[in-house]
Asker: 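Got a structure for you, written out below as structure tokens; questions coming shortly.
Residue numbering restarts at 1 for every chain, and letters A, B, ... go by the order of the sequence lines.
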2 protein chains.
Amino acid sequence: MATLTARNGVNVEQLIATIGAVQEDPNVAAFTFKASSTWRSGARNEGEIKDFVHAGQPVMRPEAFRLAGDEPPVLLGSNEGPNAVELLLQALGFCYAVGYVYNAAARGIEVTQMEYDVEGDVDVRTFLGLAGPRAGFTAIRVAGRVASPNATDEQLQELCTYVQDTSPVLDSLANPIPVTTTLQIAH
Amino acid sequence: MATLTARNGVNVEQLIATIGAVQEDPNVAAFTFKASSTWRSGARNEGEIKDFVHAGQPVMRPEAFRLAGDEPPVLLGSNEGPNAVELLLQALGFCYAVGYVYNAAARGIEVTQMEYDVEGDVDVRTFLGLAGPRAGFTAIRVAGRVASPNATDEQLQELCTYVQDTSPVLDSLANPIPVTTTLQIAH
């Protein structure tokens with residue numbers, strides 16, 4: 001049965017059941033995600049992503065995902081991992097792809113290829129303590145490529161627009177998020 | 001000599017030289033970073049981060065960093081990697097740490113410990129096509145911990161504020177970025 005309800009590798013029955021569960025109880029839609037990092041030296045950090053909270057209950061993954069963060073030599077690093085702003089771009093491509101193939105599955109659209117090239121402009125003057133433009137990305141550009149054996153170009157373009165309207169990462173980058181930061185001093 | 005000019009693993013002479021180079025030619029501050037992703041199946045994507053553009057010139061890393069993206073089972077994935085919004089949180093912790101230790105190095109502050117716990121709230125109703133709050137994070141909270149043998153609590157807290165004012169990732173999340181997205185249909 002499982003293969004009958006899977007499209008694009010997405011279990012469509014489970015997707016419909018999830019939407020139904022959220023309609024019945026909006027609390028089922030509530031997630032708190034987490035990431036922690038430990039500084040090693042210079043620009044090098046080790047990141048860990050493991051547990052999250054769903055509908056008020058902790059969800060434990062069996063193992064943590066570990067990520068390396070660093071800077072390239074031109075930004076005084078040792079090039080042992082991507083830098084933080086590169087991770088933002090990666091996240092946008094991942095988010096777009098998941099949104100695209102899930103919604104395609106729900107609409108009966110088969111996806112056979114889906115790629116994203118993401119790039120963003122940053123001026124490091126503010127980071128370096130000099131007068132300059134904003135510290136973060138001044139612009140981000142995404143170029144996607146998709147192939148489908150059973151959808152029209154119009155359907156595929158319309159889905160691209162829909163995914164932008166509903167993408168958690170695009171919304172997080174395109175609209176302001178309130179961020180609160182506290183620092184504890186260890187003695 | 002190198003050990004004399006390194007603090008927190010940061011080459012302070014190179015940092016000062018970099019700031020001087022940018023003051024002389026603001027074009028040296030300009031970067032375009034990139035990330036690409038290839039969809040595999042369901043929520044699974046493979047990401048690649050390799051080259052970037054600095055001061056108008058391409059910079060090639062010898063090897064690409066490869067990242068796995070996926071969703072946990074409750075979001076219809078197979079849990080083979082962190083999801084996209086978790087990567088955003090990881091990026092914020094990495095960015096804060098780099099900003100903190102670089103600026104601490106420039107100020108003569110030794111850092112012996114630096115950790116960040118980042119969490120953010122997301123409601124997936126909009127992602128699932130239902131009426132709900134914004135698609136992205138409604139709030140992000142960061143709790144940092146730092147230890148230094150030669151700085152006062154006031155200096156360490158002030159540096160935390162300074163880092164927030166100059167963080168590329170915080171600015172990217174706290175203020176809107178123009179994002180343009182195009183889709184090419186492969187035939």
Asker: Main chain of A:Ala143, side chain of B:Gln184: is a donor-acceptor contact present, judged purely on distance under 3.5 Å?
Answerer: no
Asker: Can you find a pair of side-chain heavy atoms, one from B:Val142 and one from A:Thr182, that are under 4.5 Å apart?
Answerer: no
Asker: Does any heavy atom of chain A fall under 4.5 Å from the side chain of B:Val179, the backbone, both, or neither of them?
Answerer: both
Asker: Give, as side chain, backbone, both or neither, the part of B:Ser78 having an atom under 4.5 angstrom from any heavy atom of chain A.
Answerer: neither
Asker: At a 4.5 Å cut-off on heavy atoms, which part of B:Phe137 comes close to chain A: side chain, backbone, both, or neither?
Answerer: both
Asker: Does a donor on one side chain sit under 3.5 Å from an acceptor on the other, for B:Asn175 and A:Arg134?
Answerer: no
Asker: Minimum heavy-atom separation for B:Gly136 and A:Asp171, please, with both atom names.
Answerer: N-OD2, 2.7 Å
Asker: What part of B:Ser167 gets closer than 4.5 Å to chain A, counting heavy atoms only: side chain, backbone, both or neither?
Answerer: backbone
Asker: Tell me which of these, B:Leu75, B:Asp70, B:Thr112, B:Asn27, has more heavy-atom pairs under 4.5 Å with chain A than the rest.
Answerer: B:Leu75
Asker: Nearest 0.5 angstrom please: A:Glu86 CD to B:Asp51 CG, how far?
Answerer: 9.5 Å
Asker: Measure the CZ-CD1 distance between B:Arg125 and A:Ile19 for me, rounded to the nearest 0.5 Å.
Answerer: 13.5 Å
Asker: Where on B:Val53 is there a heavy atom nearer than 4.5 Å to chain A: the side chain, the backbone, both, or neither?
Answerer: neither
Asker: Within the side chain of A:Thr180, is there an N or O that forms a donor-acceptor pair under 3.5 Å with the backbone of B:Arg141?
Answerer: no
Asker: Where does B:Leu170 contact chain A at under 4.5 Å (heavy atoms): side chain, backbone, both or neither?
Answerer: side chain
Asker: Is B:Pro149 in contact with chain A via its backbone, its side chain, both, or neither, using a 4.5 Å heavy-atom distance?
Answerer: neither
Asker: What's the shortest heavy-atom distance between A:Leu130 and B:Val22, and which atoms?
Answerer: CD1-CG1, 3.5 Å
Asker: Tell me, out of A:Val10, A:Asn45, A:Asp153, A:Leu183, who's got the most heavy-atom pairs with chain B below 4.5 Å.
Answerer: A:Leu183
Asker: Please state whether the side chain, the backbone, both or neither of B:Ala68 comes within less than 4.5 Å of a heavy atom of chain A.
Answerer: backbone
Asker: Is the side chain of B:Glu115 donor-acceptor paired with the backbone N or O of A:Trp39 at a distance under 3.5 Å, no angle test?
Answerer: no
Asker: Does any non-hydrogen side-chain atom of A:Asn83 lie less than 4.5 Å from one of B:Phe33?
Answerer: yes
Asker: Looking at A:Ser36, is its backbone amide N or carbonyl O close enough to the side chain of B:Gln90 to form a donor-acceptor pair, meaning the two atoms are under 3.5 Å apart?
Answerer: yes
Asker: Picking from B:Thr32, B:Ile177, B:Val124, which has the most non-hydrogen pairs under 4.5 angstrom with chain A?
Answerer: B:Ile177
